[in-house]
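Working notes for the structure below.
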Protein chains: 2
Amino acid sequence: MSSSKTKKRVTLHDVAAKAGVSIATVSYVLNNQGSVSDDVRKAVRRTAKQLGYRQNRAARAMKMGRSSILGLLVPNIENPFFATVAQSVLAESQKKGYQIFLVDTEGSHESEVKAMEGLVAQGVDGVIVFPIDDSELSATTKIPVPVVVLDSDTPDLDLVQAEYFEGGRMLAEHLISLGHKNFGVLEGPRIVSGVRARTRGFAESIADDCNIVWQEEHAFAMTLTDEAKALLDSGGITALVCGNDLIAMAAIAHYRDSGVAVPENVSVVGFDDIPFASVITPALTTVHMPIATMGKEAVNLLIRRLEAKDAPAARSRVVLDVELVVRQSTAPPDKGQKL
Amino acid sequence: MSSSKTKKRVTLHDVAAKAGVSIATVSYVLNNQGSVSDDVRKAVRRTAKQLGYRQNRAARAMKMGRSSILGLLVPNIENPFFATVAQSVLAESQKKGYQIFLVDTEGSHESEVKAMEGLVAQGVDGVIVFPIDDSELSATTKIPVPVVVLDSDTPDLDLVQAEYFEGGRMLAEHLISLGHKNFGVLEGPRIVSGVRARTRGFAESIADDCNIVWQEEHAFAMTLTDEAKALLDSGGITALVCGNDLIAMAAIAHYRDSGVAVPENVSVVGFDDIPFASVITPALTTVHMPIATMGKEAVNLLIRRLEAKDAPAARSRVVLDVELVVRQSTAPPDKGQKL
DNA sequence: GTACTCAAGTGAAACGTTTAAGTTCAGTCT
DNA sequence: AGACTGAACTTAAACGTTTCACTTGAGTAC
């Protein structure tokens, strides 16, 4: 309702006209380029501010061929792990002058591919993706913008991952040192390579006299399948290894409802160390992932590749350390095995 | 590495040339407009697909003056409440053909304003925002695109909110029916109007012989301030009312560490009913918010206003029902008051 | 046969920006 | 004095779309 009754956006033309220079000069000033005298610089900036000029990014994007927009694909933003990564990606790219298109692929590889196409059509400069199915991701390689892959293992793309195998090994070591010998494994979707790595790390690190009584694939979600519940109820194990903290929390809730005490009757471990892991009862023993760092590294990797567009630098690969965090959900098995 | 060695994007020109028609015709075909014979339609579509044509959205956005991009501002994407809203916003806008710029304002009103400006500069068609400080939001009214406000109370903007007052009332009723009389309130940031409403709903609905022993403002986070901890340790209450589920979870964890049993020694209630509320121990009594619906409604409200741009329809206001969910964190106070 | 109408398609001007190439002019070197 | 230099600024051509206004030619009504 102010003086600017006109709906029209203020353009370079308007500023140029008012300042009595050409639009080229205005453009140079506003982009801190070209050779323009200080007087004119100041004058242009003043009138620009005065008129409330806002750059039309669409026009700029079209002219320049780049949009300063990055795409971020996550399987499920409700999962705190991905939420935290998203947060760090947002913060870092904000700092670097990029906006983020967020897409939740809802765990479907199909929508992942479709989303990727959509992002490219929208003109993103690059994409950061947590792949559902990285075996098929190479097919995605044909997309015409740089891609950074998180949490996965693709041969020809830049990637950021954590020491999943090592994480699995740490869990094995910890549980064995407590005296556990019979394990149940409620792992994540095996289509995700990081999931396979952590299970492998665990399986290959248990002693000869230990055995995995059962192993079940499960979605990264807090509602357990009937199969999973049946296995939990079947007993025969003293420690449960879960694919991530969400599954671990669900398992603990199920044990609680069934009257099985954690960790007295059965120890439970997770993976990721989401913020909730330390707050729930019992506080969860898990593998701490450098979640925030992952997002930050991914953005930097991507931007580095964007800015060095022409130089086809070798593929980068950032591997981050993980850490075992022992809390209250694990204990020696001898405290009175119930099942 | 396929036949398309050329880096150049395929444009309307290319398609037109190959199909032997003008670019205008191609544009009409691809937008399902104009009068074009079926034969030509098919031919154009075929060559477009064949050449792998992708619309340049930046060019389109510039020409049309709209980008089909919506902005979503949330205070903290790590908070599952906002994550869930974001998910529903993403899903709904995806369905309607809009992309989403997500911005995490990190709880700062300053960055909220800045982000809003940035989004407008980027050319979003509209914005959905969870305001930090809605008293100052009216200042934001001068932004030149439609805005839908979530979870707040602004006089002149479209908004979606829940029955916060009623939620507070329900909690009071529930706790009083259990026999509680002395309450502690660990509320959320009072700058958020929804927070004030829920506290008011509670405070105005307790009986005359009840009293709020203490009341403390607290961030929506799981790490408690020293002040909050001190109050929790100070005793004198039989029920604790928390601003949201995150605070409730933190309080329960603190009580656990201090050897105070929930709900035997003190009942705890939250607000929001995030997915974790039903999984933690003890499962949390809370007020269920129609979180997913909020996001969906917000998108629809915004799109409706976008498409009916010229008709300055009256401000819409969607108010959603809430529901009390009684779980295990509340019980009668007489079970043996410890403090 | 003349004058319409209408479907099918084309031409070209915008949209707002960036930037290579060009112009002007004051100053400097020989 | 003449030739050159460099700073300061302008001109104008793109970028890839959309869409208004126009042409063409076939069909139809009288």
Side-chain angles (χ1 to χ4, degrees), chain A residues 6-45 47-48 51-69 97 120-125 144 309, chain B residues 6-45 47-48 51-69 97 120-125 144 309:
Chain A
T6 59
K7 277 292 168 195
K8 292 288 302 164
R9 279 181 71 130
V10 181
T11 78
L12 281 186
H13 278 93
D14 304 330
V15 177
K18 176 129 187 180
V21 295
S22 72
I23 61 166
T25 302
V26 179
S27 175
Y28 283 130
V29 170
L30 266 28
N31 292 329
N32 290 316
Q33 288 183 8
S35 91
V36 182
S37 69
D38 277 359
D39 287 353
V40 174
R41 276 201 135 73
K42 285 209 175 68
V44 167
R45 267 197 256 273
T47 45
L51 259 43
Y53 170 76
R54 306 189 144 290
Q55 189 181 60
N56 182 329
R57 305 284 287 194
R60 171 174 234 260
M62 171 179 146
K63 178 67 193 172
M64 311 258 302
R66 28 183 232 94
S67 57
S68 297
I69 300 174
V120 171
Q122 275 282 2
V124 297
D125 289 344
K309 191 92 177 192
Chain B
T6 59
K7 278 292 169 195
K8 294 287 302 163
R9 279 179 72 129
V10 181
T11 78
L12 280 186
H13 278 92
D14 303 331
V15 177
K18 176 127 186 183
V21 295
S22 71
I23 60 166
T25 302
V26 178
S27 175
Y28 283 131
V29 170
L30 267 26
N31 292 328
N32 291 318
Q33 288 182 9
S35 91
V36 182
S37 70
D38 277 0
D39 287 353
V40 175
R41 275 200 135 72
K42 285 208 176 69
V44 167
R45 266 196 256 274
T47 46
L51 260 44
Y53 170 76
R54 306 189 145 290
Q55 189 179 60
N56 182 330
R57 306 282 287 195
R60 171 175 234 260
M62 169 178 147
K63 180 66 193 165
M64 312 257 302
R66 29 184 232 93
S67 57
S68 298
I69 301 174
V120 172
Q122 274 283 2
V124 297
D125 289 343
K309 191 91 177 193

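To find a chain, count down the sequence lines: A is the first, B the second, and so on, and within it residues start at 1.
Shown here for B/N32 and B/R45, the closest heavy-atom pair between the two residues is OD1-NH1, 3.4 Å. When all heavy atoms of A/R54 and A/R9 are compared, the closest pair comes out as O-NH2, 3.4 Å. Taking every heavy atom of both residues into account, B/L51 and B/V10 meet most closely at O-CG2, 3.2 Å.
At a threshold of 4.0 angstrom between heavy atoms, the contacts of B/S27 include nucleobase atoms, whether or not backbone atoms are also involved. As judged by a 4.0 angstrom heavy-atom cut-off over every strand, A/T25 is placed among the base-contacting residues. Nucleic acid contact for B/R41: none, since no nucleic acid atom lies under 4.0 Å from a heavy atom of the residue.
Spacing between atom CE of B/M62 and atom P of D/dC15 amounts to 13 Å, rounded to whole angstrom units. Nucleotide D/dT19 holds its P atom 13 Å from the CG atom of B/L30, rounded to whole Å. Regarding B/M64, its CE atom lies at a distance of 21 Å from the P atom of C/dA13, rounded to whole Å. Between A/I23 atom CD1 and C/dC15 atom P the separation is 12 Å, expressed in whole Å. Atom P of nucleotide C/dC15 and atom CD of A/Q55 are separated by 18 Å, given to the nearest angstrom. In this structure, the CZ atom of B/R60 is 12 Å from the C1' atom of D/dT19, given to the nearest Å. To the nearest angstrom, P of D/dC15 lies 21 Å from CZ of A/R57. Between the CG atom of A/N31 and the C1' atom of C/dT19 there is a distance of 10 Å, rounded to whole Å.
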(request) Dump the intermediate steps for side chain to side chain contact (heavy atoms under 4.5 Å, CB included) on A/Y53 and A/T47, then the final yes or no. (result) CA-CA 8 Å; A/Y53 170 76; A/T47 45; over 6 Å; no
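OP1 or OP2 of D/dC9 has at least one side-chain nitrogen or oxygen of A/S37 nearer than 4.0 Å.
Rounding to the nearest 0.5 Å places CD of A/Q122 at 10.0 Å from CG of B/N56. Rounded to the nearest 0.5 Å, atoms OG1 (B/T11) and CD (B/Q55) are 12.5 Å apart.
Taking the screw axis at each terminus of the helix from C/dG1-D/dC30 to C/dT30-D/dA1 from five consecutive base pairs, the angle between the two is 50° to within rounding of 10 degrees.
Nearest-nucleotide positions on DNA chain C place B/V40 closer to the 5' end than the other of A/H13 and B/V40. Toward the 5' end of DNA chain C, the nearer of the two residues A/L12 and B/V21, judged by each one's closest nucleotide, is B/V21.
Among the nucleotides C/dT19, D/dC9, D/dC15, the one closest to the side chain of A/K63 is D/dC15.
The base of C/dA8 sits within donor-acceptor range of the side chain of B/S35, with an N or O pair under 3.5 Å. Not a single donor-acceptor pair, N or O on each side, falls under 3.5 Å between the base of D/dA7 and the side chain of A/Y28.
Applying the salt bridge (Lys or Arg N to Asp or Glu O under 4.0 Å) definition to pairs two or more places apart or across chains, none involves residues 57-68 of chain B.
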